[in-house]
Amino acid sequence: TNISTFLFKNEKKADKLFDQMAYQNALHLYSHSIEKDPANRHVRERLAECYLKLTDPVNAELWLATFVNEPDVHPTMLYLYSEALAMNRNYREARSWMEAYQKVKPEDTRTKEKLTFYEHVNDFLNDSIRFAVFNTSFNSDQSDFGAHYYKDGLVFASSRSDNSYI
């Protein structure tokens, strides 16, 4: 009984962290819980969601695959599985899972756009060879985004902690 009480408390702590969007910390606790109870679907779902939130679609796909074929799976998990597959560039399978999601949630307007994207993904990928993206001397290891020409220069937003001008 003590071990199950410990696992339950660990899972509840992880749930609280997840609700607070502390996904890395929640992931750590869920990982410990799943070692002791590999069949716990709630924990497997949360592991998959944490990995997606932390932009790790490879691990998200692996965890989603452990339960997505089960008969009572929540429709959201079908959608998330499709998203993970797409993030991993498995567009054909992503389309199939988005179609499965659409069957159970036909009112969700996102599915039409996603399915259209999957239908035309090769066109988008072919178009990408027309553009070159490269680092500049003022790039940082932080998020630099929203570049726009201004007067004779360039302005952009950045998450740098340094308040200096470049």
Side-chain angles (χ1 to χ4, degrees), residues 1-125 128 133 139-146 157-161:
T1 310
N2 283 344
I3 190 73
S4 62
T5 303
F6 172 75
L7 290 175
F8 181 75
K9 285 182 179 179
N10 228 16
E11 186 179 322
K12 291 301 162 197
K13 280 184 192 175
D15 286 342
K16 186 173 183 174
L17 288 166
F18 183 92
D19 292 340
Q20 294 171 343
M21 294 184 241
Y23 302 116
Q24 189 68 48
N25 295 334
L27 181 66
H28 180 73
L29 291 177
Y30 288 132
S31 295
H32 285 297
S33 292
I34 204 69
E35 287 176 9
K36 304 294 183 204
D37 184 9
N40 186 327
R41 180 133 123 228
H42 171 74
V43 172
R44 287 184 289 151
E45 288 176 356
R46 285 295 175 95
L47 280 164
E49 289 180 275
C50 283
Y51 280 119
L52 275 175
K53 300 285 188 184
L54 295 168
T55 60
D56 183 348
V58 172
N59 279 311
E61 179 183 337
L62 291 172
W63 281 106
L64 286 157
T66 68
F67 61 82
V68 77
N69 284 307
E70 294 175 11
D72 60 338
V73 69
H74 194 279
T76 300
M77 295 298 142
L78 302 176
Y79 183 88
L80 293 179
Y81 191 48
S82 176
E83 289 286 280
L85 289 164
M87 291 168 80
N88 292 326
R89 298 179 181 216
N90 189 345
Y91 300 114
R92 183 174 294 147
E93 199 171 342
R95 179 186 175 97
S96 170
W97 284 98
M98 189 58 67
E99 288 169 345
Y101 174 74
Q102 186 180 43
K103 286 178 186 171
V104 293
K105 292 295 249 182
E107 69 279 5
D108 190 337
T109 57
R110 298 174 296 176
T111 55
K112 183 179 177 186
E113 293 171 7
K114 295 283 184 179
L115 290 170
T116 299
F117 169 78
Y118 298 142
E119 187 176 320
H120 299 287
V121 71
N122 287 332
D123 298 332
F124 298 130
L125 294 174
S128 69
V133 178
N139 281 117
S140 74
D141 60 351
Q142 302 297 311
S143 294
D144 301 325
F145 56 94
S158 179
S159 64
R160 302 169 196 210
S161 59

Indicate the atoms forming the closest heavy-atom contact of [X] with [Y], along with that distance.
{"X": "Ala60", "Y": "Ala48", "value": "CB-O, 3.6 Å"}
{"X": "Asn40", "Y": "His42", "value": "OD1-N, 3.1 Å"}
{"X": "Ala86", "Y": "Tyr91", "value": "O-CE2, 3.5 Å"}

Quiz item: side-chain contact (heavy atoms from CB on, under 4.5 Å) between Asp37 and Glu11: does it pass, once the steps are laid out?
Solution: CA-CA 11 Å; Asp37 184 9; Glu11 186 179 322; over 6 Å; no
Which value, rounded to the nearest 0.5 Å, describes the distance between [X] atom [atom1] and [Y] atom [atom2]?
{"X": "Leu85", "Y": "Leu80", "atom1": "CG", "atom2": "CG", "answer": "11.0 Å"}
{"X": "Glu45", "Y": "Cys50", "atom1": "CD", "atom2": "SG", "answer": "12.0 Å"}
{"X": "Gln102", "Y": "Thr109", "atom1": "CD", "atom2": "OG1", "answer": "11.0 Å"}
{"X": "Leu27", "Y": "His32", "atom1": "CG", "atom2": "NE2", "answer": "10.0 Å"}

My understanding is that only residues two or more places apart in sequence, or in another chain, count here; which of them pass ring-ring contact (aromatic ring centres under 6.0 Å, His included) with [X]?
{"X": "Tyr118", "answer": "none"}
{"X": "Phe67", "answer": "none"}
{"X": "His74", "answer": "none"}

Taking side chain as C-beta onward, heavy atoms only, is [X] less than 4.5 Å from [Y]?
{"X": "Leu62", "Y": "Tyr51", "answer": "no"}
{"X": "Val73", "Y": "Tyr81", "answer": "no"}
{"X": "Tyr23", "Y": "Met21", "answer": "yes"}

Quiz item: Are the charged groups of Lys105 and Glu107 less than 4.0 angstrom apart, N to O?
Solution: yes
Quiz item: With the threshold set at 4.0 Å, does a side-chain nitrogen-carboxylate oxygen contact exist between Glu99 and Arg95?
Solution: yes
Exercise. Taking side-chain contact (heavy atoms from CB on, under 4.5 Å) as the test, write out the residues that go with Asn88, two or more places apart.
Key: Pro57, Val58, Glu61
Exercise. Among Leu17, Val43, Asn10, Asn25, find the one that has a side chain to side chain contact (heavy atoms under 4.5 Å, CB included) with Tyr30.
Key: Val43
Quiz item: Do any pairs count as a salt bridge (Lys or Arg N to Asp or Glu O under 4.0 Å) and have a residue in residues 111-122, sequence neighbours left out, and if so which ones?
Solution: Glu83-Lys114
Quiz item: Which pairs pass salt bridge (Lys or Arg N to Asp or Glu O under 4.0 Å) with one or both residues in residues 66-75, sequence neighbours excluded?
Solution: Arg41-Glu70, Arg41-Asp72, Arg44-Glu70
Quiz item: Any donor-acceptor pair under 3.5 Å linking the side chain of Ser82 with the backbone of Leu78?
Solution: no
Quiz item: When you look at Met87 and Leu52, which way does the side-chain contact (heavy atoms from CB on, under 4.5 Å) test go after all the steps?
Solution: CA-CA 10 Å; Met87 291 168 80; Leu52 275 175; 3.9 Å; yes
